[in-house]
Every structure is written in C-alpha cells, then in structure tokens.
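Read the structure below first, then the notes.
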Amino acid sequence: MRSPIFRPALLLLCPLLLAAQSLKDFEKRVTEFTLANGLHFIVFERHEAPVVSFHSYVNAGSVDDPSGETGIAHMFEHMAFKGTQTIGTKNYPLERKAMDEVEHIYDQYDAERNKGLKADPKKLADLQQQLKAAMEKADSYVIPNAYPELIEENGGVGMNAGTAEDATNYFYNFPRNRLELWFLLESQRFYDPVFREFYKERDVVREERRMRVESSPQGQLFEALLATAFEAHPYRNMPGGWASDIENFRLTEAIAFYKKYYVPANITIGIAGDVDPKECRRLADKYFSILPSGPLPSGPRTIEPPQKGEKRVEVESPAQPFMAIAYKRPNQNDKDDPVFDVLGEILAGERTGLLYTDLVRDKKIALAAAADPDSPGGKYPGLFLFFLVPNRGHTLEENEKACNDIIERVRTQKVTGDTLQRIKTKVRAGLIRRLDSNSGMADALTFYHVNYGDWRKLFTIIDDIDKVTPDDVVRVAKQYLVRETRTVVYTVQPPATANSTGKAEGAGQ
Amino acid sequence: MKIVIVSLLLCAALASAQTEVRHAIVLPSYKDLKYPPLPPLKVPEPVEATLSNGMKILLLEDHELPLVSGAALIRTGNLFDPPDKRGLAGLTGEVLRSGGTKTKTGDQLDQDLENVAASIESQIVETSGTLTFSCLKDNTDQVLGLFRDLLTTAEFRQDKVDLAKTQTRSAISRRNDDPDSIADREFSDIVYGRNTPYGWRVEYSDIDNIQRQDLINFYHRYYFPANITLEVYGDFSATELRAKLEQIFGSWKYTQPPVPSFPKVIEKVSPGVYLASKDDTTQTFFNVGELGGELRDKDYPALEVAAEILGGGFSSRLFRNVRTAHGWAYSISASWNANYDHPGTFVISGSTQSAHTVDTLKAVGEELEKIRAAEVTDEELQTAKDTVLNGFVFNFDRPSKTINRLLTYQYYGYPKDFIFQYQKAIAAVTKADVLRVAQKYFLPKNLTYVAVGNPKEFGAPLASLGIKVEPIDLTIPEPKPEAAQATAPTPATLAKGKELLQRVQQALGGADKLAAVKDLQYHAEVEAFTPGVSIKVKQTNSWIAPSTIRQDNELPVFKQSEYYDGKSGWLASVQGMRGLSPPLIKQIRGEAFRQLPGLMMSDRDADRTVNYAGDGLLDISSKDDESVRLIVDEKTGVPLKLAFQQGEGGTAVENVFSDWRDVDGIRLPFHWDVMQGDKKAAGVTVQNYKINSGLTPEVLGQKPATAPPGSPAVKP
C-alpha cells in the first residue's frame, strides 16, 4: 500500500555497477544547477511518454538520530506528509495554539515524571487526561491526509518515502502537466512542515516497528545482527528505531532534527522525464529559493572500534532456522569499493554465483543463499553480508560450513577471467536496462551525486569495475573476509515447537 | 500594568514558537495553478500474426534502447493439477528452465545466458504459463535459439526434478513463519474452498507422488504451438523478426487436442471468524472479505471506486479511521480484486497492534455499515475518480505495458479497447452507483474473517465480535511413511521372507553365532539434531535376550536412564524416579525388539512373523504388536535400514546403518543415522560392543541415585 515506509538500505541503494551507453550522448540530456541556498537539482530529459519522476534525496538518515531518539529521522519522514500551514488544516492559528498547548501540558507531564519515585501518581493521571483532551482538540482542526490526497487525486503514482541509515528519500511520479504542482508541494513541505497529529503518528510508527521487526523473523534477525556487529557506531540501530525511543518521541525533537538536517545544501533533487530543463530552473527559483540556507550538518562522530574476534548470537524464533553472517568492510569511497561489488557478484550473482551453485544447486543444503556487499549503508564502514536459508532436513551448521568453504576458496583461488568478464558484461547491461525508467534514473542520479560527488559516476563506475583483476579479488577477500571481524546471527527454535508448527488454540477466543 | 502586559505577550510569543517551524507567511496556493491538457495518448499498435504452425505472435518495435524482450504465454495453469499431485504445474514450470534442453543442461544455459547478460525464465501460475526472455539486441539470435529449445524440447533432467522437489518441501516447511502470508493464504483457501483447485494447497505427500514423467506429460499436454502466443518488443524490425520467428518456430509442428476450460469457482459463502494462533508476533494480521467478481462485470468500475473510498489509500475511510485517527495500524487497505476469468475476492486487510485486534475488526465492520447506509460525499467520489483518471497516462508510459495488455486481453477474450471502456465507465460512476454496489456486494453477513496473531494479547477476546471463532490448525501434515504400508502375508511370502532373513543371518556371521548372543552392550555417542542446534549424548545400551533392556543417556547437564525387563520397569530422570507409563512401555519394548541379534533370529520365534514385502523388504512383527520393516541389500544380505513407527503420533523413523564391522564373529553396525522423513534427527556412533559379558537383570535393574525431593530440577 502507498504509505511512508522506512527501508533498510539492503536492497534499494546498493550501488549497482553500470556502464555502456556513451557518456557523451547522455550528458546532453542532463542539466544540473544549484540554487543560492545550496539546493542542487539534476534534470534528465526523457520524452518517451508525457510523465515525470521526482526524487528528493536528503543526505541524512537514521545514522544521524540523536542518542535516545533512534527513529526520529523516520518519524520526521512521516511528518513530511502531514501538510503545511495551508494544506491540511481547517484553521491554522487555532490549530497552532492547540498544538502548543499539547506541548505545554506534555512538558508538565514530563517534569512530574522526572521526579521519579517522588512523582505524584494522581497528578500524572490528571495530566494524562489533560494531554488526551488537548490532543483531541488539536486534531479537531486537522483535515486528515490532505497532502498525500492532493498528490493522489492529481494523478500521482508510486508515491512513497524511505528512511534508510544514510539518507531519506521522497519520490513519486506525475503526469507532465502537473510539473508546477510538484514544485509547489515539495518546496512547501520542506519549507513549512506542520507536525500535526504527531502523537497519533507516533503510534503508527510504533505499529510499523511491530509489523516489520517484532512480528517478522527476518526483522528480528537483522536487528540482532546490526546491534551485535556494531557496538558503537549508529549503524547498530535499525532505521525505525528502538521501541522505547519511539514511544517517547517529542514533537520538538522532530523539529530539531528537521532544522538541523533539512538544510537546502543537504538536499539533492532529481527530475527525470518529459520536461524542459529551463522550465525546471524557472520553477526551482520560483518555489525553492525561499528555503533559508543553513550550515551543512556533520555526520556522527562515533567510529566503530576495530572488531577483535568473532561474535555469535542466537535469536529465539519458532520459524524454520536461517542465519546471517557479516564481515566488516570499509565505506563506499574506499579504493576497493568496486572490488567488493565484484566479490558480491562472484558469490551471489543470479544463477552462477558460488553460493547458489554450491549450496543450492549442487549440495542442495540451502533453499536460498545470498550476499550483499554493502549493508546497511555505504557512507560509513559497514558489512559484507551473507544470508543462508537451509533446506528442510539440513542444518545451519552444514550451511555455515559450506559458506565458509566458499569464502576460503575466494580467499585462496583466483577466479577465472571468464567469470570476471561475465560480471562486467552484466554490469554494463544493467545500466542499459536502467535507462528506460524515469524513477530509476531520478533515484540513481541523486544517489551518485551525493555519495560519489558526481552523477557521472553512474557511468564511470563501469570503468572502475573493468579495472578489477582476479588478484584484487583475492587480496580483498583475504584482507576482509576474516574470522576476527565476523558476526554470525541465527535463529533457534524454542524447545516446544520442534517438529510441528503451531497447533490450533482452543475455542472461546 | 504595561510591564505585565509586555511580559505576558512575551510568554505567549515564546509558547507559540514551540511547534511552529515558520512564522505565518503567504505562500502560493495550489488552487491557483492551471494545468494544460496532456497531449493525446499515443498508443502503439503491435503487429499481430500467426505462424504456419498455428502459434500466434505479437511484435512491437521500441528503439529507445538496444534491448529485446519477449514472453510466450501458454494456456495452462495449476488449476489443472491432479488432486493427488498438487504442485505439478508449478514444478513443471520451474524445471522446464532448470532441467535444460536436449543439448544443454540447465547449468550450461545459466552460464551461456549470463555470459551475455541475458535471461530466460519460466513459470506456471494459476491460469497461465509463461516463458520469458530478455537480452541485448546483439544477442537476439543466440537467445532466441535457446528460448526455442526450451519451449519445444525441454529435457526435465532428473537431478533438477529432485532439486525442485527438495526446494518445494523446504518452502512448505517454512510456510508458517510469516504471519502476513499465513493470513493471505488461509483467507484465500477458505473463501475459495480448501478442496477446490482454487483453494487447495501443496503438501509433502503431493510432492512425494510427483515423478519426472508427470512433469514431462504435463509439459507435452500444454506446450504446443496452437496453445501459445509469443510477444516480443524492443529494438528490431517487425518485418524481419516476423520472418525470423517463422524460420525458428515454423517447423515445430506438434499438436494436441484443445485444452479444456479452467474449472469454475464454486460460488459459495463461508462466513465465520477463523483464528490461527502464533505467539511470536506483536501484531494481528487479518484479512476480512468474501468472493468478488470479474473485471468485465458491469459493476466493476463502481466497485473499484467504492473500494478505493473504503480503503484505497491515504484518503480512504479505513486508513483515516484505523491508522490516522486511532494509530492502531500501520497497514490497512480494502480492495476489490477482480480477475479476468473468474471471481476474485473483496478483501480488507492489514495488521494491527495485538491489543487492538477487536477494536480494528469492529472498526472494519463499522466502515462497511457506513458505506452501505449512506451515499459517499461528492468530494470522496471525485478524489477516487481523479486518482484513477488523472493517473491514467501511466498505463501507457512504456511500450511493454501496451503489448502486455494486448496479450492479456487476447488470452482472456477481452476487447482490445477494454481499458478505454474502463476509463469511460469510471468517469460515469455516481454516488448512487457506489451505494448500490456497496449494498449489493459488501455483505457483512457473508464475511470471512481470518486473524493470525497471539490471542493471549488480544485485549478483548475475538469471540466478542459475536461470531463463533473457529481455530485454524497450522500443522503441516507429514507424509505417510512406507513402513505403514504392510503387505498381507501368504505362504509364499512367508517362505520368501524366511529365506531372505536366513541370507541376512549368513551375512552377519551365521545363524548359530547370532543365536548364541545372550546379552549385548554398547557405548555410543549420539548426536541429536534439535532444529538448528545439535546436542551430544553419551549412551550406554544394554540388552539381555529376549526383552530386557536398559538405556543410560548422559547429556551435558543431566542424566537419564530407563529399564524394562519384559514386565515392568522404571525411568530415572531429573524429575526423579517414575514407573513406566503404557506409551513408554511400548516405546521401550520396541527398542528391545529392534536389538539386532534378537531381531535377526526372528524366524526361530513362533510368536513372530517374517514376511517378504518386496525386493529387499522384510516385515518382521510379533504377537505383542511390535513390527519393523528391514530393508536389505539383496545382493549381499546386509541390512541397509530399519523402518518403524515411534511414539504416540506414529512418527515414521528409519535407522540407516553403516560402518559394519566384525565383533567376535558377528557383524554389527558402528553407525546409524536416525531419519524422520527427510530430516536427520540423530546420528549414533558406537564406540564398542560387548557380547555376552554376563549382564544380569539384578545389575541392570539397579536404580541410579536420584536428586533428593525438594531440590531444584535442572532444566534439560
């Protein structure tokens, strides 16, 4: 369903290796400009159909959540759909007063609560009642979901947003005659967001965590993996945040996050489709110049200390067992970044990756065996991740051993020139295939600009991949796929559910 | 006075600065924008033709990028699965690709295709089969050649059939891990009927029944030229490609009788509340709904609009109520899922905090009543229609969408301009229409509610919805064991049985030596595989012929022993000393029965039957209702496996022997794997055997010291 979501960068922002179409031809279709306030635009012309895709890339994500407020970046992302002073309200001045009153009472509530053992329970209960009433009053001025509804009824499709560790993305597609509407809506949501229904939405975000993490065996495993592999760096937190942090969000905290990180210089906008770049420039000036410039924020200062030994963690779950194995790796700007991508393909590419051919196809011990070379993000040193799902009748031990054997192989034996060639061909073809999607292009152009300094990296990364040699692969595998920096997390069934999978509960429920 | 006022104003100003990001300024309003009309839709027209062998083709040129893609659509589907071989179509679809062709294995195809960054994929779903390809323009000839080979001469090699079956079994074993998919599956199965091709599901026994020849037969029945339409789009010349396709496929002159129609959906209502308990979830995942209709129904457009207003997105009633206003759910939606050729489902689905399960389901009921009770507002109607109409252009933003649509319409017998009829019909929907269809089709008394969650955390019990709650049993049925299929003995089979058993005795050292075994003791290391983790147990097994037995097990944190002398016995564990319950007695008796020296001499025991049940199969049973099946290597006479039933549930177990060695003139196995179906439950490795060491019941029967009463039990 179309709702704001947060998405671990696992799948979406893995920098695909691309090449081929002549860069020179392509450059003719790309126009870039930066407003005085620092907001950067990349416009890609594609006139196949009268439609346009938009993608706003904010270079701040869950990795920037303050301590005790994990998930606040994601919370703001939800707020960015709540409208403005003119969109989403029946009476803004009254609404604002009511919202302030909510905060005022909440401050009193927190002050009483902070008295700890000396807090007066009667006073707390009383303040809670007041808070509830004040929230209802504020909510009474709201026209619910006015902002996204505007987008939908104007033919907006594919509307969504995602908060990952490194970045927050907002995107949708409009028919081309709604170009100006997009400029108006997007600029106003970032200029003048009103954090209405904040505490209701906090409950929704809490449900999202229940859905994605607490009720999902994969979610549970991934959360344990991150928290174990990373002891200090904020990559240790899932983008949605920890339950107790979510339950205690304050509106003022979300505002503070927005003010610090949503400065124009920290935002890059991609527009791809049936557009005239000059018209885009004019509209950008008209609508986005109003955003006040601000200093670029710094990223988290905490550096993950070197891992000094293997870590192993169990997660109890009635699900059929599966496991994740992660090794530490440098960030995306390391000179060996292309080698990691190639290594990922060697190990887990389609039907010829070694994990597939060995564990799934030949030994038949795995239902699935996959790898991700840069999880959960690329901006900071991260993980090279393996994911193993045993076949029925086979064990995690067998699969882990087979996976380790494969890793040992790539650490000691050079892959053939043919294998590398296949990967390079695939990467080149991948770029061509990407070019027929407006939304894919808007996404890619902004991503490469922010993470590598130039959208052209979308093409030049092919050259980097081409330069990777079999010796490079062995070298990088030897250096990084080592036991001391490995984290292994797997699920274990609690004793009661050994063979059967859940009996019927009694009637009367 | 003035000072006070000023400071009051200051306070007010400070207070109001809290929730506001910007002071009020006048921004342009979206209401003032004007939108020029979109250019008229340019819908490309694919070239349609039929090859000389009856295969239809659709071709569409697209020269934006040097790519060529295509798909063959085959009239088949898993609706044609035989009832005892469910999953056959799915396996056929999969192994068509993985099993390779006459000249290339699937693995070779994987390499060849990935070398040129191309792909060919195959699957069969409910009402169709597809074989798709995608390649760079330069590789079209090569890839089309491989595509043709797979379509016309798929080989279905045995190793890939086995792999696909193994993977399907694994998928079955994992089908209850995700509450969301449980809810979807159970809802669909109940609404369509669990015993119909639309609602049944694949079980282990189906997979066991399916053999390679079944796949080949299925493939031959449905994959023939007159039953296939091939679409291709991309960077080519249609005239040239048409000639090429005739050249490639024209000689494939294979015919079959026309394919029968798909079975019809049995229209019925199955109202009720169904609950599947799952305690590792903090939300309840639910699907509420009933059977729906087809895309060509006259009421479909109005139903689309009604479902959109009810639960189609941010602007919908369910979203606003359950998510925005109450915060009970992140995910909630309603949709009228119509199919092309058979009734779909009307379903309201989502997931809600466990404690608010009943609140949410009641809210769902309330919203249904509301939309049936009064017309929707003008605004709601307009928003729903605009969402479809203003986004209509996106149905045409890629040539592939046009050709896929045309192929689908042809396949299901829909008019070419169906999407434009739909557009007109949506524009004409009125508030009265929405009310009429809501009253006719959203029927509260027909609703099926499926909830998957933890009833202990529901807050209010599910029964407070006022409808009887039926539990859903999620247990995955195990396949029937071979050992259960006994053959009735005849004089001939009894004679053959005796003869085979005597050959086994020969192979194991001779009847006399075996008969001379009065007691046997072995020490073994047992590795027990509870799922995910293995436990090592030190075991001592002591047997005095014919039926006295003692087993001592030593685990890392506790010990357990059991003893039985043919009449009575005891069990000593961390819970203390107990007598043997009847099920335990049966279990221990079985262990005694299965001790090899005694078992091998069953032909000399008048209370036992030794029956020949087929090639290398000996069914040995006793008057006390003990029975095993001994699987023997007919050539050597050495036992391969021992199959029997264990426990109250009658779990099928097989001990698979290996490492036979000589011990004082007789041969005994030093290792066996304990198998439960495909699953290895344990591995037993014997360190040493002692024969005739003078064991006595007095010594074996000595109870070990147990923990004094009141001391804490050690958790195993």
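The figures that follow rest on heavy atoms only: side chains count, while hydrogens, waters and symmetry mates do not.
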Checklist entry - Are Arg320(B) and Glu149(A) ion-paired here, with the side-chain N under 4.0 Å from a carboxylate O? => result yes
Check whether [X] reaches the backbone of [Y] with its side chain - one donor and one acceptor, N or O, closer than 3.5 Å.
X         : Y         : value
Gln85(A)  : Arg22(B)  : yes
Ser170(B) : Leu367(A) : no
Asn390(B) : Glu153(A) : yes
Glu207(A) : Arg323(B) : no
Glu114(B) : Arg351(A) : yes

Between [atom1] of [X] and [atom2] of [Y], what distance do you get to the nearest 0.5 Å?
X         : Y         : atom1 : atom2 : value
Glu64(B)  : Glu48(A)  : CD    : CD    : 3.5 Å
Leu27(B)  : Gln188(A) : CG    : CD    : 4.5 Å
Asp110(B) : Arg422(A) : CG    : CZ    : 9.5 Å
Arg361(A) : Asp159(B) : CZ    : CG    : 9.0 Å
Phe183(A) : Leu33(B)  : CZ    : CG    : 12.5 Å
Thr352(A) : Asp112(B) : OG1   : CG    : 11.5 Å

Item to check | Test log, rule side chain to side chain contact (heavy atoms under 4.5 Å, CB included), inputs Arg176(A) and Tyr35(B) | outcome: CA-CA 9 Å; Arg176(A) 79 151 190 226; Tyr35(B) 307 118; over 6 Å; no
Check each atom of [X] against the heavy atoms of chain A and say whether the ones under 4.5 Å are side chain, backbone, both or neither.
X         : answer
Ser335(B) : neither
Phe392(B) : neither
Ala325(B) : backbone
Ala276(B) : neither
Ser351(B) : side chain
Thr352(B) : backbone
Leu163(B) : both
Lys34(B)  : neither
Val388(B) : neither
Arg398(B) : side chain
Pro399(B) : neither

With a 4.5 angstrom heavy-atom cut-off, could you sort out which part of [X] is near chain B: side chain, backbone, both or neither?
X         : result
Thr357(A) : neither
Ala254(A) : neither
Val389(A) : both
Lys363(A) : neither
Pro292(A) : side chain
Asn391(A) : both
Phe174(A) : backbone
Ala49(A)  : side chain
Arg433(A) : both
Leu150(A) : side chain
Tyr258(A) : side chain

Checklist entry - Going through the distances and angles, do Val360(A) and Gln167(B) end up as a side chain to side chain contact (heavy atoms under 4.5 Å, CB included)? => result CA-CA 9 Å; Val360(A) 176; Gln167(B) 302 219 298; 3.2 Å; yes
Checklist entry - Applying the side chain to side chain contact (heavy atoms under 4.5 Å, CB included) test to Thr19(B), which of His104(A), Glu95(A), Lys97(A), Glu103(A) qualifies? => result Glu103(A)
Checklist entry - Would Arg210(A) count as a cation-pi partner of Tyr330(B), with NZ or CZ less than 6.0 Å from the six-membered ring centre and within 45° of the ring normal? => result no
Checklist entry - Is the charged tip of Arg392(A) near the ring of Tyr204(B): under 6.0 Å from the six-membered ring centre and within 45° of its axis? => result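 Yes, Arg392(A) sits over the ring of Tyr204(B).
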Pick whichever of [options] has the most heavy-atom pairs under 4.5 Å with chain A.
options                                    : value
Thr282(B), Asp280(B), Thr281(B), Leu38(B)  : Thr282(B)
Thr383(B), Val393(B), Asn454(B)            : Thr383(B)
Ser315(B), Ser134(B), Ala384(B), Gly391(B) : Ser315(B)
Leu465(B), Asp397(B), Asp107(B)            : Asp107(B)
Asp386(B), Val116(B), Asp162(B)            : Asp386(B)

Next on the checklist: I'd like to know which of Ile151(A), Val204(A), Asn173(A) tops the heavy-atom pair count under 4.5 Å against chain B.
Outcome noted: Val204(A)
Item to check | Contact leader toward chain B among Asp192(A), Leu181(A), Leu185(A), Thr86(A), where contacts are heavy-atom pairs under 4.5 Å | outcome: Leu181(A)
Checklist entry - Are Phe394(B) and Pro175(A) side-chain neighbours, meaning at least one heavy-atom pair lies under 4.5 Å? => result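 SC-SC contact between Phe394(B) and Pro175(A) confirmed.
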Checklist entry - With sequence neighbours left out, what residues match Thr425(A) under side chain to side chain donor-acceptor pair (under 3.5 Å)? => result none
